[in-house]
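Worksheet for the structure shown next.
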Amino acid sequence: MKKKITILPGDGIGKEVTAAGKKVLEQIGECFGHEFIFDYATIGHEAIELTGNPLPDETLKKLKNCDAILFGAVGHPKYDNDPSAKVRPEQGLLKMRRELGLYANLRPIRLFDELLGASSIKPEILKGADILFFRELTGDVYFGERGRKNGNDTAYDTMIYSRYEVERIAHKAFKAAQTRSKKVTSVDKANVLESSRLWREVVQDVAKQYPDVTIEHMFVDAAAMKLIQNPKSFDVVLTGNLFGDILTDEASQIAGSMGMLASASIGDTVGLYEPIHGSAHDITGKGIANPLASVLSAALLLEISFGLKEEADAVIRAVAQTLKEGYRTRDIADASTLHEKLLGTEVMGNVVCNQLRMLVSVNS
Ligand code: IPM
Ligand code: MN
């Protein structure tokens with residue numbers, strides 16, 4: 001198979017972790033005889049510094065002409081305490097999602113058994129948890145009308161959804177549920193918000209087309225509580241952009257660390273794959289970031305965009321084996337981690353590649 005992959009390292013640790021993700025893709029190409037052609041483009045703070053624009057036209061053009069995108073992170077601390085900045089790194093990410101029509105954000109919460117102890121949640125509550133979030137990604141308060149009034153002293157953002165936006169992501173969630181435990185939990189705030197009432201109405205309609213799937217509706221406040229109290233009670237979770245953003249950061253604790261969580265953003269054309277973590281400037285340049293979220297994002301890329309299930313499974317098995325042998329980055333280490341098995345970003349990526357080579361040579 002011959003495919004063009006654009007790498008968008010972005011800011012902060014984005015550069016370090018996508019280097020590992022890319023290496024793993026190259027290793028897969030070598031082991032399974034695929035030709036992956038890589039190209040780079042700029043986004044976020046880096047792009048602002050280079051061009052004044054967080055998503056330059058040249059980047060967008062490249063993204064529209066490739067087969068899949070591996071993305072790192074965007075952000076820079078200098079904007080966090082400057083609410084008046086008009087041009088911001090995150091605008092690049094949001095515009096990219098919108099321009100590429102990436103309306104469905106899949107965030108699998110996969111807990112590797114080896115990391116049961118890495119979470120602050122009790123192992124007996126966690127063991128066996130396996131959740132797939134469908135976060136709507138191109139609507140909601142992220143893209144609704146916003147502004148200031150009253151001489152700048154009042155600000156508003158509009159939470160807005162249209163039927164077709166809810167329908168298309170609901171279908172994706174129900175179809176995924178059919179291949180899993182056949183249960184969808186739709187999360188909203190329909191006791192208060194009109195947009196949530198439309199959300200619930202549409203999800204109820206779509207559910208009728210999937211009689212084999214059980215549908216449950218939950219308010220977002222209750223869902224936030226239940227995720228921690230009983231994560232095993234969830235299978236597929238379907239929710240809007242803002243609620244999905246918040247709940248998946250919370251759910252990352254089920255997987256032990258934000259550094260373990262991958263995501264896929266898909267729509268009708270090219271797919272984009274990225275860790276759910278941010279640019280983490282506090283650890284940037286230290287070479288200690290966990291690259292496994294990017295590596296697992298590469299696995300999602302192989303499976304979803306290229307249909308390479310066997311290759312994707314090989315990546316996941318290589319990660320599992322790496323963890324089984326005791327290798328850890330700092331975020332997932334505990335008192336039992338041997339000093340020589342505490343690895344930096346680059347070496348962790350190399351260890352996964354070695355595991356891949358061993359796995360594939362054993363099977364062939
Ligand atoms: C995410 C991030 C983004 C979001 C930010 C960086 C705009 O938090 O992908 O979860 O809120 O969607
Ligand atoms: Mn987020």
Side-chain angles (χ1 to χ4, degrees), residues 8-15 17-18 21 42-48 54-55 59 63 69-83 85-109 131-144 146 157-161 165 169 187 220 223-224 227 237-255 257-267 271-282 284 289-290 293-294 296-297 300-301:
L8 275 182
D11 305 321
I13 62 167
K15 292 191 173 46
V17 299
T18 47
T42 181
I43 189 168
H45 172 68
E46 181 193 74
I48 296 174
L55 183 68
T59 295
L63 300 180
I69 305 160
L70 187 71
F71 170 63
V74 288
H76 193 281
K78 88 173 191 204
Y79 301 89
D80 295 346
N81 292 317
D82 179 10
K86 288 274 174 288
V87 182
R88 315 179 68 87
E90 291 80 4
Q91 290 163 345
L93 175 59
L94 298 178
K95 184 163 175 222
M96 172 169 68
R97 289 172 176 167
R98 188 78 168 188
E99 291 275 333
L100 299 177
L102 304 171
Y103 62 84
N105 185 214
L106 279 62
R107 297 189 161 184
I109 311 296
I131 309 174
L132 178 58
F133 274 86
F134 279 79
R135 167 191 177 197
E136 199 288 330
L137 204 58
T138 53
D140 204 343
V141 74
Y142 274 69
F143 294 95
R146 72 188 64 195
D157 299 271
T158 315
M159 187 174 266
I160 178 165
Y161 266 119
E165 294 176 295
I169 187 156
V187 176
V220 62
L227 261 178
V237 178
L238 165 63
T239 191
N241 205 345
L242 182 63
F243 298 155
D245 179 45
I246 299 167
L247 291 178
T248 52
D249 265 34
E250 183 192 1
S252 73
Q253 290 314 297
I254 297 168
S257 164
M258 286 269 276
M260 295 299 299
L261 282 207
S263 89
S265 302
I266 55 174
L272 177 140
Y273 302 84
E274 57 166 311
I276 85 155
H277 63 67
S279 50
H281 281 267
D282 52 332
T284 297
N290 183 349
S294 182
L296 293 168
S297 297
L300 287 174
L301 180 157

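Both counts, for ligands and for their atoms, begin at 1 and track the order of listing. The chain is numbered in sequence order, starting from 1.
- Counting only protein atoms, the N, O or S atoms lying less than 2.8 Å from the Mn ion (ligand 2) are Asp245 OD1, ordered by chain and residue number.
- Residues that satisfy the salt bridge (charged side-chain N to carboxylate O under 4.0 Å, His left out) test with Glu165, not counting sequence neighbours, are absent from this structure.
- Take Arg88 and apply the salt bridge (charged side-chain N to carboxylate O under 4.0 Å, His left out) test, not counting sequence neighbours, and it matches no residue.
- Thr239 places a side-chain N or O within donor-acceptor distance of the main-chain N or O of Val187, the cut-off being under 3.5 Å.
- Here the side chain of Glu274 pairs no donor or acceptor atom with the backbone of Ile69 at under 3.5 angstrom.
- Judged by distance alone, with hydrogens and angles left aside, the side-chain atoms of Asp11 form a donor-acceptor pair with the main-chain N or O of His45 at under 3.5 Å.
- For the pair Asn105 (side chain) and Glu136 (backbone), a donor-acceptor distance under 3.5 Å is absent.
- Using a distance-only test at 3.5 Å, with no hydrogens or angles considered, no donor-acceptor pair links the side chain of Glu46 to the main chain of Ile48.
- Without hydrogens or angle criteria, Thr248 side chain to Gly244 main chain gives a donor-acceptor distance under 3.5 Å.
- When atom types are taken as modelled, the side chain of Ser297 and the backbone of Tyr273 share no donor-acceptor pair closer than 3.5 angstrom.
- Listed by chain and number, Glu90, Leu93, Arg97, Arg107, Arg135, Tyr142, Asp245 each place a non-hydrogen atom less than 4.0 angstrom from ligand 1.
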